[in-house]
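Take this structure, written in structure tokens, and hold onto it; I'll ask about it next.
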Amino acid sequence: MKIAPSILSADFGCLQEQIHAVEEGGADWIHVDVMDGHFVPNLTIGPLIVEAARRATELPLDVHLMIEAPHRYLDAFVGAGADIVTVHVEACPHLHRTVDQIRKLGARPGVALNPGTPLDTVREVMADLDLIVIMSVNPGFGGQRYIPGSTDKIRRARVLAEELSVELEIEVDGGVDSRNVGEVQDAGATVVVAGSAVYGHPHGPGAGVRALRDLSVHQG
């Protein structure tokens, strides 16, 4: 299972060192949360931080756009260095067009679903995706608790992908830590996003990545 530390929980005063720490700890991707203060009640980072992260690492940059009208900004984020761009089904009235645009720009497309959004909303585009993101908290802020019903949703997403004969990553975002990483993996997740569990680890971000890795291996 891939581990994608979220730099939303990092110290931006020393972002390069914070990224290097999780890279040395064995992180697979770097997760970048972009919020606009409209689609979600928080305002975070933009293309300039993606550019800074790109200079700091060669790991894939997993950019999660929690913003309204994401199609307007795809050029900017891919141009800044995003390898994977995830948009929300709730923010895209023309979802297939947006997914196609991401692919044509040279990035890997993903679609995220909020906790209250049914899986059927992505059924028609699953064959066009590299990634589906199951939000296991209501998006907007780091440090939230994992919503227990998310585990069954992960399992159903894996079943749906198999039913449609689609190969794609299933990423889980929100509240993943030492208490639930094993069940998330068992349910079918192939990527977990972790912010507080990594950057809040008492022995540092690298140790946070290694702890999640060990638990996913032993519990999964």
Side-chain angles (χ1 to χ4, degrees), residues 1-4 6 28-29 31-34 39-40 60-68 70-71 74 82-105 107-140 144-177 179-195 212 215-217 219-220:
M1 186 170 65
K2 297 180 178 70
I3 297 175
S6 170
D28 299 285
W29 297 351
H31 189 82
V32 185
D33 288 303
V34 179
F39 181 68
V40 292
L61 295 183
D62 176 28
V63 178
H64 181 184
L65 301 182
M66 289 171 272
I67 63 177
E68 292 180 353
H71 62 279
L74 297 177
D83 297 289
I84 304 158
V85 178
T86 295
V87 296
H88 271 258
V89 62
E90 303 88 359
C92 295
H94 305 291
L95 185 58
H96 185 274
R97 182 187 299 165
T98 302
V99 166
D100 186 55
Q101 186 180 352
I102 294 169
R103 181 85 68 190
K104 286 179 177 176
L105 287 169
R108 299 169 61 191
V111 170
L113 297 90
N114 284 341
T117 301
L119 278 169
D120 273 350
T121 56
V122 294
R123 175 185 283 270
E124 301 303 327
V125 297
M126 278 188 81
D128 302 301
L129 301 179
D130 283 14
L131 179 75
I132 182 172
V133 180
I134 304 299
M135 294 301 300
S136 44
V137 299
N138 288 295
Q144 298 184 65
R145 290 189 176 183
Y146 181 86
I147 298 172
S150 305
T151 304
D152 182 61
K153 193 172 186 179
I154 299 162
R155 190 173 292 113
R156 287 185 284 112
R158 175 54 60 201
V159 169
L160 179 59
E162 291 174 355
E163 175 189 321
L164 298 175
S165 300
V166 171
E167 291 187 13
L168 79 174
E169 303 275 13
I170 296 180
E171 179 175 287
V172 181
D173 187 354
V176 177
D177 57 24
R179 295 167 294 184
N180 52 36
V181 66
E183 72 174 75
V184 164
Q185 182 179 21
D186 286 345
T190 59
V191 185
V192 293
V193 176
L212 285 177
L215 284 165
S216 67
V217 168
Q219 295 179 18

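Everything quoted here is computed from the prediction, not taken from an experiment. Quick note: numbers below take in every heavy atom, side chains included, and nothing from hydrogens, waters or symmetry partners.
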Looking only at heavy atoms, what is the nearest atom pair of Ala112 and Glu90, with distance?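 That closest heavy-atom pairing would be O-OE1, 3.8 Å.
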Atom CG of Asp62 and atom NZ of Lys2: how far apart are they, to the nearest 0.5 Å?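 The CG atom of Asp62 sits 11.0 Å away from the NZ atom of Lys2.
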A side-chain contact here means heavy atoms from C-beta on lying under 4.5 Å apart; do Ile147 and Asn138 qualify?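 A side-chain contact exists here, since the closest heavy-atom pair is under 4.5 Å.
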How about Asp33 and His31: does a side-chain donor come under 3.5 Å of a side-chain acceptor?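 Yes, side-chain donor-acceptor contact under 3.5 Å.
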Given side-chain contact (heavy atoms from CB on, under 4.5 Å), test Met135 with His88 step by step and report yes or no. CA-CA 10 Å; Met135 294 301 300; His88 271 258; 3.9 Å; yes
Taking CD in Glu124 as the centre, count heavy atoms belonging to other residues, nucleotides or ligands within less than 6.0 Å. Is the count above 12?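 Open: at most 12 neighbouring heavy atoms sit under 6.0 Å from CD of Glu124.
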So do the side chains of Val89 and Val125 get within less than 4.5 Å of each other, counting heavy atoms only?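 No, side chains not in contact.
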What's the separation between atom CD in Gln185 and atom CD1 in Ile170, rounded to the nearest 0.5 Å?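 If I round to the nearest 0.5 Å, the distance is 12.5 Å.
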Quick one: does Lys153's side chain have a donor or acceptor within less than 3.5 Å of a partner on Thr117's backbone?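 Flag set: sc Lys153 to bb Thr117 pair under 3.5 Å.
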Closest approach of Leu129 and Leu168, non-hydrogen atoms and distance?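 Closest pair (atom of Leu129, atom of Leu168, distance): O-CB, 3.9 Å.
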Thr190 OG1 to Arg158 CZ distance, which is reported to the nearest 0.5 Å: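 Going from the OG1 atom of Thr190 to the CZ atom of Arg158 covers 6.0 Å.
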Residue pair Val181, Ile3: steps toward the side-chain contact (heavy atoms from CB on, under 4.5 Å) verdict: CA-CA 10 Å; Val181 66; Ile3 297 175; over 6 Å; no
Minimum heavy-atom distance Val172-Ala189, with the two atoms named: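 Heavy atoms of Val172 and Ala189 come nearest at CG2-CB, 3.6 Å.
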Tell me, with the steps shown, if Val111 and Thr98 meet side-chain contact (heavy atoms from CB on, under 4.5 Å). CA-CA 10 Å; Val111 170; Thr98 302; over 6 Å; no
In a check of side chain to side chain contact (heavy atoms under 4.5 Å, CB included) between Pro70 and each of Leu65, Thr86, Val85, which one passes?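 The option that passes is Leu65.
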Do Asp186 and Thr151 have side-chain heavy atoms sitting under 4.5 Å apart?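 Sidechains of Thr151 and Asp186: no contact.
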Does the Asn114 side chain pair with the main chain of Gly116, one donor and one acceptor, at a distance under 3.5 Å?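 No; judged by distance alone, with no hydrogens or angles, the pair does not exist.
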Between atom CG of Leu74 and atom CD of Gln101, what is the distance when rounded to the nearest 0.5 Å?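 The distance works out to 4.5 Å.
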Sub-4.5 Å side-chain heavy-atom contact between Ile84 and Glu169: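 Side-chain contact under 4.5 Å: no.
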For residues Ala82 and Val63, report the shortest heavy-atom separation together with the two atoms involved.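 Of all heavy-atom pairs spanning Ala82 and Val63, the closest is CB-CG2, 3.5 Å.
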Rounded to the nearest 0.5 Å, how far apart are OG1 of Thr121 and CE of Met126?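 Rounded to the nearest 0.5 Å, the OG1-CE separation comes to 10.0 Å.
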Could you tell me if the side chain of Val193 sits less than 4.5 Å from the side chain of Val133, heavy atoms only?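 With C-beta onward as the side chain, the pair stays apart.
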Please find the pair of heavy atoms, one from Leu212 and one from Ala194, that lie closest to each other, and give the distance.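 Smallest heavy-atom distance, with atoms named: CD1-CB, 3.5 Å.
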Answer yes or no: is there a donor N or O on one side and an acceptor on the other, between the side chain of Asn180 and the main chain of Gly175, under 3.5 Å?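 Pair found, side chain donor or acceptor close to backbone of Gly175.
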Could you tell me the separation between the CG atom of Leu113 and the CD1 atom of Ile132, rounded to the nearest 0.5 Å?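 Result: 5.0 Å between the selected atoms.
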So, for Gly174 and Ser136, which heavy atoms are closest and what is the spacing to 0.1 Å?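 Smallest heavy-atom distance, with atoms named: O-OG, 2.6 Å.
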Backbone N/O of Asp177 and side chain of Tyr146: donor-acceptor pair under 3.5 Å: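 No; zero donor-acceptor contacts below 3.5 Å.
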For a 4.5 angstrom cut-off between non-hydrogen side-chain atoms, does Asp128 reach Asp100?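 Of all side-chain heavy-atom pairs linking Asp100 with Asp128, none is under 4.5 Å.
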Would one find more than 12 heavy atoms of other residues, nucleotides or ligands at under 6.0 Å from atom CD of Glu163?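 Counting neighbours around CD of Glu163, more than 12 heavy atoms of other residues, nucleotides or ligands fall under 6.0 Å, so yes.
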For Asp130, is there an ion pair with Arg108 - N to carboxylate O distance below 4.0 angstrom?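 Between Asp130 and Arg108 there is a salt bridge, with a charged N closer than 4.0 Å to a carboxylate O.
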